[in-house]
Engineer: 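One structure is given below, represented as structure tokens, and several questions about it will come after.
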Amino acid sequence: MPDSGTNTGIGASVRRKEDFRFLTGKGKYTDDLNRPGQAHAYFLLSPHARAKINGIDTNAAKQAPGVVDVFTAADLAADGVSGPICGWVVTQKNGEPHKSPAVSALASDRVNYVGEQVAIVVAETLAQAKDAAELIEVNYQPQPALIKMKDALANGAAQLHDDVPGNLCFDWEIGDKAATDAAFKKAHHVTKIDIHNNRLIPNAIEPRAAIGDYDSGMDMMTLYTTSQNPHVARLVLAAFMGLGPENKLRVVAPDVGGGFGSKIYVYRDEIVTLWAAKKLGRPVKWTAERSASFLTDAHGRDHDTHAELAVDKDGTFLGLRVSTLANVGAHNQIFSTATPSYLYGCLLAGQYRTPAVYGEVKTVFTNTAPVDAYRGAGRPEATFVVERLVEKTAKEMGIDRAELRRRNFIPPDQFPYQSPCLVQYDSGDFPHLLDRAMEVIDYAGFSARKQASAERGKLRGIGLSCWIEACGLAPSAVVGFLGGGVGQWESANIKFNPTGSVTLYTGSHSHGQGHETVFAQIISEHLGVPVESVEVVHGDTAVVPFGMGTYGSRSGPVGGGAVYKAAQKIVEKGRKIAAHLLEASVEDIEYAGGTYSVAGTDRTKTMAEIAFAAYVPHNYPLDVLEPGLDETAFFDPMNFTFPSGAYFAEVEVDPDTGVVTVLDMVGIDDVGTVMNPMIVAGQLHGGFAQGIGQALYEQCVYDENGQLLTGSLMDYCMPRADHFPSFRTEETNQPCPHNPLGVKGCGEAGAIGSPVAMLNAVIDAIGVNIDMPATPEKVWRALQSQAQAAE
Amino acid sequence: MPTVSMTVNGQPAAGEVEGRTLLVEFLREHLGLTGTHVGCDTSQCGACVVHVDGKSVKSCTLLAVQAVGTEVTTIEGLATNGTLHPVQAAFKEHHGLQCGFCTPGMVMSAVDLLSQNASPSEPEIREWLEGNICRCTGYHNIVKAIDAAAQAMKG
Amino acid sequence: MYNFNYYRPLSLEEAAQVLSAASDGKLMSGGMTLIPTLKQRLANPSDLVDLSEIADLSGIEAKGDTVVIGATTTHAEVADSEVVKSQIPALAALAESIGDPQVRNRGTIGGSIANNDPAADYPAGLLGLGATIKTDRRQIPADDFFTGMFETALEEGEIVTAVSVPIPKKAAYAKFPNPASRYAIVGVMVAQGPAGTRVAVTGAGPGVFRVAKMETALEKNFSANAIEGISVPAKGLNADMHASADYRAHLVGVMARRAVTAAG
């Protein structure tokens, strides 16, 4: 690990400021908080995937010991409270907006998935609430469930929502269909694949939780919740769910135990818990049990795709055609339309010069939990399509996998590069990434390693992915143009304290990413204040400036950009104060590393002296300058950032059992400027684990009746320590040209590039195409079918 | 309701609980020791690992009444006078935590491992962590941290 | 969890008394299966009788050509026991493969076999080694003890006190774990010794079973090659999303051969 030494600025592996409290059990997660007089909530969840509700009898439950009250949809509707919303309007092929059915705050006349919240029981203790929930009688009229997308789309299929004919959320396209068709006409070779991107359950280790609190004296509602974006939650609760106005609502997201996208959304349980607290005039606390998390957290991925790549005889890509069905589950959520459209289709060109690309996506409502953004959100799915196709093409044409990619890379001198899929890539050096990855994995030595494995009766495989993604969610103008409902800037407020220390308020939210350290490093770098003298505050709408929160790998590029901008404002104000104190003109004041000096002299003032003067303005130019050293900035960049990478995976397969052992995982990443190498590597490691989890272990399975078969950690295989070797990561640095720090997002990269590298390695080992996850039985069956075919 | 008493982090602790009260509920709700977390309901994730009579156990799968008369150590009892235990210090030095939620259980589990095996190999560390799930780190730096702690504790 | 009364008796007699007085009493040892079951509200006993403080029920001892293990001995104690490691290393390895370290610190051999989960490891261990289960009333050979899925020969209120395991000449356990739960998808104990040549399989079927054809073949020639062509029929085996019956049948062969090779 790089030594942090004494440098605490950008580029140093500063050890994390937040760790002490987490390591000593002093972190404060939502469930660790308690409000005086709080009651406990438990939600009754639907046992049916699709049923009419003919009535709900809560009388017995209301009489049960300790019960404060029981509420259903009717109670919320009476108060004008409604359910989750969609935050992004996708315009369909026919020019119409996507279908977004209205969602109630609790299920009212029907349920559309197992786990849908039907009633809330509030009691003195959680055990009493659970006891009472068993006494609620719901008169369900079960109906056949639509679980598979093709069944939901079939002619004459029943409808989940009265206002969504054919259960089609949208039918959308991107790219140039005519040009792509023309490219296929002149193709020498066409590679075709039909692939499934497996459905995943995010499983942040902290289950979602919420505490509603109402101060009647102030008429102020407070929601403590496990959110990645408390201000967005407040905006949505106030503007769309009837729990406003915004100035009378405070949302606090304290320490949050991982998000991965699943804690972006405002869920029914949060809405109802907050409402119940006001209704009852006492705090109400709710925490999901893991089994409820499996059923109610937004799931991820779940695409069925047919794709074709048209190739010239020398391996040059001519055109790419992609047709995808994406499952949105029972209803929309904030990003559930953006994820399978723009966050997916815009990346279909990958790292290649493919001149013509056409993609079409149909999204489908089914009787399953809502599907939304999960680490990578659309981009792992795009990378999976492109890099499976490329790998298969190399095999079919007999061209080395690395060589085929190299022939088609966008050259480093072509940036910025306008992709045929709307976006403009900012910077990159793809050949360099691949060269370095080949060196690190020892690509040339693979055949000898394969031979050695064969001698031990094992099948060895190597897999590659060369990927690019778009993240650092912003800019507002583009997001708005594409249908997004909000701005995508970020805010920062730097407050110097009179004694020279700093409190930074950020609109970003840390739930593991280390903002408290990295943002302090930006302050240290640009204002000369040591990291330990910087307090980073986030997660409370009553305290921090309005911010858009953390998702889409946006905290570094956008949130960090705001911190930088605020720091520059501080420097400029300080310059004026320094000019006064040093009796020089502002133009003659130079600034470097926390010290102002008069050019050509040894007269200086430190930032601490400037801060003191700003707050104790005894000798201060009050006629031209306000007291105080406190600046706020909002940063809205001109483009997304485009991290890229080359990943190799190497595996060994036991042909007797089909078990895949991961031998090596190498990632060479371009994430722009690396602010803290230790933290960046950690983000990549975590992404690898989730990506390899998708490739080999994880899958969400519903049976034909819509019951979740993988409803606990007994059946949903979360990756564990003994599934992995140590990972090997390296970062190269092609600074992002359109944010001041030059950073590209790194939070999702590992999960975007690794699944397909891993699957490619398994397929290379066994010589048969299979889908993710490559479970032992699936691999074993593939080998059996191959052996039978050979006979 | 039964009264339970035990020693927690070296201090006597007692309270009235139901028979069905779990040890983790007693620790978090009666004693306010919220460092021990609950991440699942099937004894898989290990966020709730504490030591009972010196051995690591899942406090979500133990009734408070079963722990009567035992010595319980939680994450809050590991550091002494503000000085981190070598395992805690190594987790910080090697970035063995991100969101911090699995961390208390991970650390308590690792301390138990090192009490039984002063020099675990990498595979031994990885196998030992069967009962602790982390969603953030990919385990890479957790394994490094435990290895470094083993070295540090050997002096 | 529904509420219940909790007792921690200090003797077998007291345990039996409390249990018989309860309207729907349940014995508990480590609670590693029972507590998760209660948390899911899948059981609603009136009383829990915790056997863990009954002194005579815990401990490991070599007695003649057997090793006797008390019912409340934990998996960790079996795995770490010098007696078991030296006399029946296959059983120590089996115990080490159960669950995770924290489960092994609480879960007990008596609890495991009384529950007789079709995917638990000990039933294969005890059946494969030809053990005898001792209760507060009698001694039951493993062949008669495990009667079906979650079913045993135990009568109402009968308490397992110990298991007596004959020391084999050679034995090994090979396990193919469920990647999520770590229970056995297939686990095979192969042993040769005073109880004859035995092949016992857990995880694959509705309950632990022996594979007579393999036993006969191994009797003649204790080598992996000897059972190479012997398969168990897939019909009647368990099937779920982790493994079909065909795959389980295949794995029984693979694991059996690996166990034979490991047993040497």
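Numbers restart at 1 for each chain; the letters A, B, ... are given by sequence-line order, proteins then strands.
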Engineer: Below 4.5 Å from any heavy atom of chain B, which atoms of A:Phe294 appear? Answer side chain, backbone, both or neither.
Structural biologist: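 For A:Phe294, there is no contact with chain B at all, as no heavy atom is under 4.5 Å.
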Engineer: Before accepting this row, confirm whether a basic side-chain N of the pair B:Glu93/A:Arg15 lies closer than 4.0 Å to the acidic partner's carboxylate O.
Structural biologist: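 Salt bridge flag = yes for A:Arg15 with B:Glu93.
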Engineer: With chain B, which of A:Gly686, A:Gly514, A:Ser510 has the greatest number of heavy-atom pairs at distances under 4.5 Å?
Structural biologist: A:Gly686
Engineer: Using the side-chain contact (heavy atoms from CB on, under 4.5 Å) rule, take A:Met665 and A:Phe724 through it: C-alpha gap first, then chi angles, then the decisive distance, then the call.
Structural biologist: CA-CA 9 Å; A:Met665 181 75 217; A:Phe724 303 128; over 6 Å; no
Engineer: Classify the ring geometry between B:His140 and A:His685 as parallel (under 30°), tilted (30 to 60°) or perpendicular (over 60°).
Structural biologist: parallel
Engineer: Hey, could you give me each pair passing side-chain hydrogen bond (donor to acceptor under 3.5 Å, both in side chains) that has a residue in residues 60-71 of chain B? Not counting sequence neighbours.
Structural biologist: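 Every side-chain hydrogen bond (donor to acceptor under 3.5 Å, both in side chains) pair that includes a residue of residues 60-71 of chain B, provided the two are not neighbours, is B:Ser43-B:Thr61.
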Engineer: How about B:Thr42 and B:Gln44: does a side-chain donor come under 3.5 Å of a side-chain acceptor?
Structural biologist: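 Judged by distance alone, the side chains do not pair up.
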Engineer: May I ask you to check whether B:Thr36 and B:Ser59 show a side-chain donor-acceptor distance below 3.5 Å?
Structural biologist: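 B:Thr36 vs B:Ser59: no donor-acceptor pair found between side chains.
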Engineer: I'd like to know which of A:His723, A:Glu289, A:Met714, A:His511 tops the heavy-atom pair count under 4.5 Å against chain B.
Structural biologist: A:Met714
Engineer: According to salt bridge (Lys or Arg N to Asp or Glu O under 4.0 Å), who are the partners of B:Lys92, at least two apart in sequence or on a separate chain?
Structural biologist: none
Engineer: Using only heavy-atom distances, determine whether the side chains of A:Arg208 and A:Thr296 contain a donor-acceptor pair under 3.5 Å.
Structural biologist: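 Looking only at side-chain atoms, A:Thr296 and A:Arg208 do form a donor-acceptor pair, the distance falling under 3.5 Å.
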Engineer: Against chain B, work out which of A:Ser712, A:Pro719, A:Gly258 has the most heavy-atom pairs shorter than 4.5 Å and name it.
Structural biologist: A:Pro719
Engineer: For chain B, which of A:Ala689, A:Ala127, A:Ala204, A:Gly27 has the most heavy-atom pairs under 4.5 Å?
Structural biologist: A:Ala127
Engineer: Is A:Arg290 reaching over with its side chain to a backbone N or O of B:Gly39, donor-acceptor style, under 3.5 angstrom?
Structural biologist: yes
Engineer: Between A:Glu124 (side chain only) and A:Gly66 (backbone N and O only), is there a donor and an acceptor less than 3.5 Å apart?
Structural biologist: no
Engineer: Using a cut-off of under 4.5 Å for heavy-atom pairs, which of A:Ala288, A:Ser293, A:Gly259, A:Pro725 has the most such pairs with chain B?
Structural biologist: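 The option with the most such pairs is A:Pro725.
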Engineer: Sort by residue number and list every residue of residues 119-129 of chain B having at least one heavy atom under 4.5 Å from chain A.
Structural biologist: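 Residues B:Glu122, B:Arg126, B:Glu127, B:Leu129 are the ones that qualify, each having a heavy atom under 4.5 Å from chain A.
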Engineer: Under a 4.5 Å heavy-atom cutoff, which of B:Asp41, B:Thr103, B:Val107, B:Ile75 has the most pairs with chain A?
Structural biologist: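 Of the candidates given, the most pairs with chain A belong to B:Asp41.
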Engineer: Which residue out of B:Gly100, B:Gly32, B:Cys45 racks up the most heavy-atom pairs below 4.5 Å with chain A?
Structural biologist: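 Ranked by heavy-atom pairs under 4.5 Å with chain A, first place is B:Gly100.
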Engineer: Go through the atoms of A:Glu18 and report whether side chain, backbone, both or neither lie under 4.5 Å from a heavy atom of chain B.
Structural biologist: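 Answer is neither: A:Glu18 stays 4.5 Å or more from chain B.
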Engineer: Between A:Lys263 and A:Glu206, does any NZ, NE, NH1 or NH2 come within less than 4.0 Å of an OD or OE carboxylate oxygen?
Structural biologist: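 Yes, this pair counts.
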Engineer: For the residue pair A:Asp715 / A:Thr710, report whether a side-chain donor-acceptor contact shorter than 3.5 Å exists.
Structural biologist: no
Engineer: Is a donor from one side chain sitting under 3.5 angstrom from an acceptor on the other, for A:Ser555 and A:His515?
Structural biologist: yes
Engineer: Taking side chain as everything from C-beta outward and backbone as N, CA, C, O, which of these in B:Thr137 sits under 4.5 Å from a heavy atom of chain A? Side chain, backbone, both or neither.
Structural biologist: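 Backbone only.
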Engineer: Between B:Val87 and chain A, which part of the residue has a heavy atom less than 4.5 Å away: side chain, backbone, both or neither?
Structural biologist: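 Looking at B:Val87, nothing touches chain A.
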Engineer: Can you list the residues of residues 7-25 of chain B that sit under 4.5 Å from chain A, counting heavy atoms only?
Structural biologist: B:Glu18, B:Arg20
Engineer: Assign the ring pair A:Phe688 / A:Tyr647 to parallel, tilted or perpendicular, where the plane angle (0 to 90°) is split at 30° and 60°.
Structural biologist: perpendicular
Engineer: Count the heavy-atom pairs under 4.5 Å between each of A:Asp255, A:Val256, A:Ile679 and chain B, then report the option with the highest count.
Structural biologist: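 With the most close heavy-atom pairs to chain B, the winner is A:Ile679.
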Engineer: Cut-off 3.5 Å, side chains only: do A:Ser553 and A:Glu748 have a donor facing an acceptor?
Structural biologist: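 Yes, a side-chain donor-acceptor pair sits under 3.5 Å.
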Engineer: With a 4.0 Å cut-off on N to O distance, would you call A:Glu698 and B:Arg135 a salt bridge?
Structural biologist: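 Looking at A:Glu698 and B:Arg135, the cut-off is met.
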Engineer: For each of B:Gly138, B:Cys134, B:Cys99, B:Cys136, tally heavy-atom pairs with chain A at distances under 4.5 Å, and name the one with the top tally.
Structural biologist: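 Ranked by contacts with chain A, first place is B:Cys99.
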Engineer: Given a strict heavy-atom distance threshold of 4.5 Å, which part of B:Leu84 is in contact with chain A: side chain, backbone, both, or neither?
Structural biologist: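 B:Leu84 touches chain A through side-chain heavy atoms alone.
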Engineer: Heavy-atom distance under 4.5 Å to chain A: side chain of B:Phe101, backbone, both or neither?
Structural biologist: both
Engineer: Between A:Thr8 and A:Gln521, is any side-chain donor less than 3.5 angstrom from a side-chain acceptor?
Structural biologist: no
